[in-house]
Engineer: 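Sharing a structure below in structure tokens format, with a few things to ask.
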Amino acid sequence: MGLKERRFAKQFAEEQFPALEAKIKEAIGFEVPLEIAWETLFEEQFLHLYNDTYPKIYFIPFIEAFKIIGKDQIGKEALQEGIQRIEICNENNHHNPDRAYSLESGILKLDHSPVLNAEQVDDRIESLVKLLENQL
């Protein structure tokens, strides 16, 4: 991760991330560790897109899916019992949401490209809801 990427990550982490993290924790209903492998979320030629794509790819789907799953007490309890940590990374450059999300041993992981299919927010929400409904 070069200087430009480190500067962007710092700026995003200071300016946009706190509000997004608060919305995730509000939607899930409890304190959950959120680990982000920032160094994996960059492709230099797309740096100018990340202020737009990061929320759409990495954060909004969690917020909306947790609201859907946690709409009643059964869902809230399932979230709290089944999710111990959330991890966000781009290890395999996935762009299909059915392959990007996983839940294993309490770790809810999103492994997704930082730019591909950014506008398909509803698809990511749907995939995450389906995963959570099937595995919680």
Engineer: Restricting to pairs with a member in residues 65-88, which pass ring-ring contact (aromatic ring centres under 6.0 Å, His included), not counting sequence neighbours?
Structural biologist: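 Those involving residues 65-88 are Phe62-Phe66.
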Engineer: Which residues pass the salt bridge (charged side-chain N to carboxylate O under 4.0 Å, His left out) test with Lys4, not counting sequence neighbours?
Structural biologist: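 Here the qualifying residues are Glu44.
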Engineer: What is the distance from atom CD1 of Ile63 to atom CG of Leu20, rounded to the nearest 0.5 Å?
Structural biologist: 5.5 Å
Engineer: Above 12 or not: heavy atoms from other molecules or residues under 6.0 Å from CD of Glu26?
Structural biologist: no
Engineer: Could you work out, with ring pair (Phe, Tyr, Trp, His ring centres under 6.0 Å) as the rule, every residue matching Phe59, not counting sequence neighbours?
Structural biologist: Phe17
Engineer: Can you tell me which residue pairs pass the salt bridge (Lys or Arg N to Asp or Glu O under 4.0 Å) test with a partner in residues 90-107, sequence neighbours excluded?
Structural biologist: Glu91-Lys109
Engineer: Tell me if the NE2 atom of His94 is crowded by more than 12 foreign heavy atoms within 6.0 Å.
Structural biologist: yes
Engineer: What is the distance from atom CG of Leu79 to atom CD1 of Ile74, rounded to the nearest 0.5 Å?
Structural biologist: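 Those atoms lie 12.0 Å apart.
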Engineer: Quick one: side chain to side chain contact (heavy atoms under 4.5 Å, CB included) partners of Glu77, sequence neighbours excluded?
Structural biologist: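 Counting only residues at least two positions away or on another chain, Glu77 forms a side chain to side chain contact (heavy atoms under 4.5 Å, CB included) with Gln73, Glu81.
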Engineer: About how many Å separate CG of Asn92 and CG of Asp111, when rounded to the nearest 0.5 Å?
Structural biologist: 4.5 Å
Engineer: Once salt bridge (Lys or Arg N to Asp or Glu O under 4.0 Å) is applied, what residue pairs with a partner in residues 6-24 remain, sequence neighbours excluded?
Structural biologist: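 Passing the test, one end in residues 6-24: Lys10-Glu14, Glu21-Lys25.
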Engineer: Just to verify, what does Asp52 make a side chain to side chain donor-acceptor pair (under 3.5 Å) with, not counting sequence neighbours?
Structural biologist: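 Per chain and number, Asp52 pairs via side chain to side chain donor-acceptor pair (under 3.5 Å) with Lys56.
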Engineer: Between Ile83 and Leu132, is the side-chain contact (heavy atoms from CB on, under 4.5 Å) condition met? List the steps.
Structural biologist: CA-CA 10 Å; Ile83 300 174; Leu132 295 173; 4.0 Å; yes
Engineer: If two hydrophobic side chains count as joined below 4.5 Å and joins carry through other members, does Phe46 share a cluster with Trp38?
Structural biologist: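 Yes, Phe46 and Trp38 fall within the same hydrophobic cluster.
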Engineer: Which is it for Ile125 and Ile68 under the side-chain contact (heavy atoms from CB on, under 4.5 Å) test, yes or no, and what are the steps along the way?
Structural biologist: CA-CA 9 Å; Ile125 294 168; Ile68 292 167; 4.0 Å; yes
Engineer: Which residues satisfy the side chain to side chain contact (heavy atoms under 4.5 Å, CB included) test with Arg85, sequence neighbours excluded?
Structural biologist: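 Side chain to side chain contact (heavy atoms under 4.5 Å, CB included) list for Arg85, sorted by chain: Pro33, Glu35, Glu87, Ile107.
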Engineer: What is the minimum heavy-atom distance between Ser113 and Asn93, and which atoms define it?
Structural biologist: CB-OD1, 3.3 Å
Engineer: Working to the nearest 0.5 angstrom, can you tell me the gap between Ile36 CD1 and Ile88 CD1?
Structural biologist: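 Going from the CD1 atom of Ile36 to the CD1 atom of Ile88 covers 4.5 Å.
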Engineer: Quick one: side chain to side chain donor-acceptor pair (under 3.5 Å) partners of Gln80, sequence neighbours excluded?
Structural biologist: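 Counting only residues at least two positions away or on another chain, Gln80 forms no side chain to side chain donor-acceptor pair (under 3.5 Å).
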Engineer: Of all the heavy-atom pairs spanning Ala13 and Pro18, show the shortest one and how long it is.
Structural biologist: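 Ala13 and Pro18 have their closest heavy atoms at O-CD, 3.1 Å.
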Engineer: Could you pull out the closest heavy-atom pair between Val115 and Ile57, with the gap in Å?
Structural biologist: N-CD1, 3.7 Å
Engineer: Can you pull the salt bridge (Lys or Arg N to Asp or Glu O under 4.0 Å) pairs that have at least one residue in residues 122-136, sequence neighbours excluded?
Structural biologist: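 Of all non-adjacent pairs touching residues 122-136, none passes salt bridge (Lys or Arg N to Asp or Glu O under 4.0 Å).
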Engineer: Between Phe12 and Tyr50, does the ring centroid distance fall short of 6.0 Å?
Structural biologist: no
Engineer: Looking at residues at least two apart in the chain, or sitting in another chain, which of them share a side chain to side chain donor-acceptor pair (under 3.5 Å) with Asn96?
Structural biologist: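 Expected list: none.
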Engineer: So, does Tyr58 use its side chain to make a donor-acceptor pair with the main chain of His112 at under 3.5 Å?
Structural biologist: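 Yes; judged by distance alone, with no hydrogens or angles, the pair exists.
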Engineer: State yes or no: do Met1 and Phe8 share one hydrophobic cluster built from I, L, V, M, F, W and Y residues joined by side-chain heavy-atom distances below 4.5 Å, directly or via other members?
Structural biologist: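 The answer is yes; both residues are in one hydrophobic cluster.
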Engineer: Can you find a pair of side-chain heavy atoms, one from Leu108 and one from Leu128, that are under 4.5 Å apart?
Structural biologist: yes
Engineer: Counting only N and O atoms by type, is there a donor-acceptor contact under 3.5 Å from the side chain of Thr40 to the main-chain atoms of Asn90?
Structural biologist: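 Pair found, side chain donor or acceptor close to backbone of Asn90.
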Engineer: Could you work out, with salt bridge (charged side-chain N to carboxylate O under 4.0 Å, His left out) as the rule, every residue matching Glu5, not counting sequence neighbours?
Structural biologist: none
Engineer: Looking at Pro55 and Gln16, what are the two nearest heavy atoms and their distance?
Structural biologist: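 Looking at all heavy atoms of both residues, the closest pair is CG-OE1, 3.7 Å.
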